[in-house]
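Working notes for the structure below.
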Amino acid sequence: MILVLGATGTTGSALIEALLARDHPVTAVTREPARVRPRKGLTVTTGIVPADAIYLVAPAGPEIAEHDRRNLRAALDAGIGRVVKLSAIGADDDRLGGWHQPGEVAVRASGLRWTILRPTTFASNSLAWAPDIRAGRPIANFWGDGRQGVIDPDDVAEVAAEALTGDDHHGRTYTLTGPELITVPEQVAVLGEILGVGATAKDTPPEGVGVFADGARFVRDGHNAIVTDDAEQILGRRPAPFRAWADRNRARF
Ligand SMILES: NC(=O)c1ccc[n+]([C@@H]2O[C@H](COP(=O)([O-])OP(=O)(O)OC[C@H]3O[C@@H](n4cnc5c(N)ncnc54)[C@H](OP(=O)(O)O)[C@@H]3O)[C@@H](O)[C@H]2O)c1
């Protein structure tokens, strides 16, 4: 049985689907069990219970270390044997605030079988632009013309399913990106095309994005222009480009 934290979240919810499709029983951990649709093979809890493996997810922000330490300790107490931690690209780059560093260190030192996933920016972050796109307003572009290997979060979930159930991923740290580099204005143009509207982006100082300003500056300065083949190696296929994600998710805008 596999325990999935962040079960109502972006990758957690997709991971549940991926694991159930592979006939692995799943226990979803969430603060709001009513938000998880009941189905065969799935149980829901509000805390960590004994399991074979755990998907360790913390909500984005400076409290990630605290969440990771608490949940990892609970996983060890529950006798769980394997952990896959959702980290982030650049986790060991001090310019990004090091939010994921303590959790990565704790996972590597845990004595469990472990895998760390460091995805880049998710395609689904663009859903935050939906109200502006619908209203015909320019979206606030905090990331300038910085290019990124934007990844489909369903691909992250597929990689997580493999890392949680496959044999070859112990002690590995994977940097997960999509297949191509794309800027925010280019993502907005793709969305405008797919939705049939005139979507635009307005360059905006990164300070407007609060605790995420360091990340926005990092992207603006070109430091996240990275594409790897880690996802392709594990998935056995090319990961989805932004356009494919946008096409599949057009109804959510
Ligand atoms: N978004 C990106 O571009 C990106 C890229 C790389 C890495 N990441 C990493 O991915 C992780 C998840 O980020 P995300 O934006 O995709 O979030 P998310 O998974 O959509 O949501 C976070 C989940 O954490 C759970 N949670 C548990 N305790 C919480 C609390 N006190 N406050 C809020 N949520 C809580 C929530 O589940 P319940 O409500 O069901 O309890 C929620 O579903 C972060 O660690 C982030 O650094 C994100």
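Note that the numbering runs from 1 along the sequence shown for the chain. Hydrogens, waters and symmetry mates are skipped; everything else that's a heavy atom, side chains included, is used. Whatever order the structure lists them in is the order used to number ligands and atoms, beginning at 1. Just so it is clear, the structure is predicted and the values come from calculations on it, not from any experiment.
Using a 4.0 Å cutoff on heavy atoms, Ser87 counts as a contact of ligand 1. The shell of residues lying under 4.0 angstrom from ligand 1, judged by heavy atoms, excludes Glu63. The shortest heavy-atom distance from Gly12 to ligand 1 is not under 4.0 Å. Residue-ligand proximity: Val156 is placed with every non-hydrogen atom at 4.0 Å or more from ligand 1.
The nearest protein heavy atom to atom 43 (O) of ligand 1 is closer than 4.0 Å. When distances from atom 47 (O) of ligand 1 to the protein are checked, a heavy atom turns up under 4.0 Å.
Taking CG from Leu235 and CG from Asp230, the interatomic distance works out to 10.5 Å, rounded to the nearest 0.5 Å. Going from atom CZ of Phe242 over to atom OG1 of Thr121 covers 11.0 Å, rounded to the nearest 0.5 Å.
Interface of Ile64 with ligand 1, defined as ligand atoms under 4.0 Å from a residue heavy atom, comprises 45 (O), 47 (O). The ligand atoms of ligand 1 that sit less than 4.0 angstrom from a heavy atom of His100 are 45 (O), 46 (C), 47 (O). For ligand 1, the atoms closer than 4.0 angstrom to any heavy atom of Thr8 are 37 (O), 38 (P), 39 (O), 40 (O), 43 (O). Short contacts between ligand 1 and Thr120, defined as distances under 4.0 Å to a heavy atom of the residue, involve ligand atoms 5 (C), 6 (C). Heavy-atom contacts of Leu86 reach the following atoms of ligand 1: 10 (O), 11 (C) (cutoff under 4.0 Å). Using a 4.0 Å cut-off to heavy atoms of Thr121, the atoms of ligand 1 that qualify are 3 (O).
Ranking protein heavy atoms by distance to atom 1 (N) of ligand 1, first place goes to Asn125 OD1, 3.1 Å. Closest to atom 39 (O) of ligand 1 among all protein heavy atoms lies Arg31 NH2, 2.7 Å. In this structure, the protein non-hydrogen atom closest to atom 17 (O) of ligand 1 is Thr10 OG1, 4.5 Å.
Ring-plane geometry between Trp129 and Trp143 is classed as tilted, the angle between the planes lying from 30 to 60 degrees on a 0 to 90 degree scale. Ring geometry for His223 against Phe218 counts as tilted: the plane angle lies between 30° and 60°, on a 0 to 90° scale.
The number of heavy atoms from other shown groups lying within 6.0 Å of CZ (Arg108) is above 12. Taking a 6.0 Å sphere around CZ of Arg220, one finds it holds more than 12 heavy atoms contributed by other residues, nucleotides or ligands.
For a threshold of 3.5 Å applied to N or O pairs, the pair formed by Glu32 and ligand 1 contains no separation below that value. Taking only nitrogen or oxygen atoms, main chain and side chain alike, Phe122 reaches within less than 3.5 Å of ligand 1.
Residues Ser110 and Val107 come closest through the heavy atom pair OG-O, 2.7 Å.
With Thr120 as the partner, the side-chain hydrogen bond (donor to acceptor under 3.5 Å, both in side chains) test is satisfied by one option alone out of Thr177, Thr228, Asn224: Asn224. With Arg243 as reference, Glu193 is the one residue of Glu193, Glu186, Glu180 to meet the salt bridge (charged side-chain N to carboxylate O under 4.0 Å, His left out) rule.
The backbone and the side chain of Thr30 each have at least one atom closer than 4.0 Å to an atom of ligand 1 (non-hydrogen atoms only). Proximity of Leu5 to ligand 1, defined as any heavy-atom pair under 4.0 Å, is not found for any part of the residue. Proximity of His67 to ligand 1, defined as any heavy-atom pair under 4.0 Å, is confined to the side chain (atoms from C-beta onward).
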Does the side-chain hydrogen bond (donor to acceptor under 3.5 Å, both in side chains) test come out yes or no for Gln187 and Ser126, once each step is laid out?
CA-CA 8 Å; Gln187 289 177 67; Ser126 63; 5.0 Å; no

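Of the candidates Gly9, Ala123, Pro119, Gly61, it is Gly9 that places a heavy atom closest to atom 21 (O) of ligand 1. Across Ala58, Gly90, Pro33, heavy-atom proximity to atom 12 (C) of ligand 1 is greatest for Ala58.
A salt bridge links Arg217 with Glu207: the distance from a Lys NZ or Arg NE/NH1/NH2 to an Asp or Glu carboxylate oxygen falls below 4.0 Å.
Hydrophobic cluster membership differs between Ile89 and Leu176, with clusters built from Ile, Leu, Val, Met, Phe, Trp and Tyr side chains linked at under 4.5 angstrom.
The closest donor-acceptor contact from the side chain of Arg82 to the backbone of Leu164 lies under 3.5 Å.
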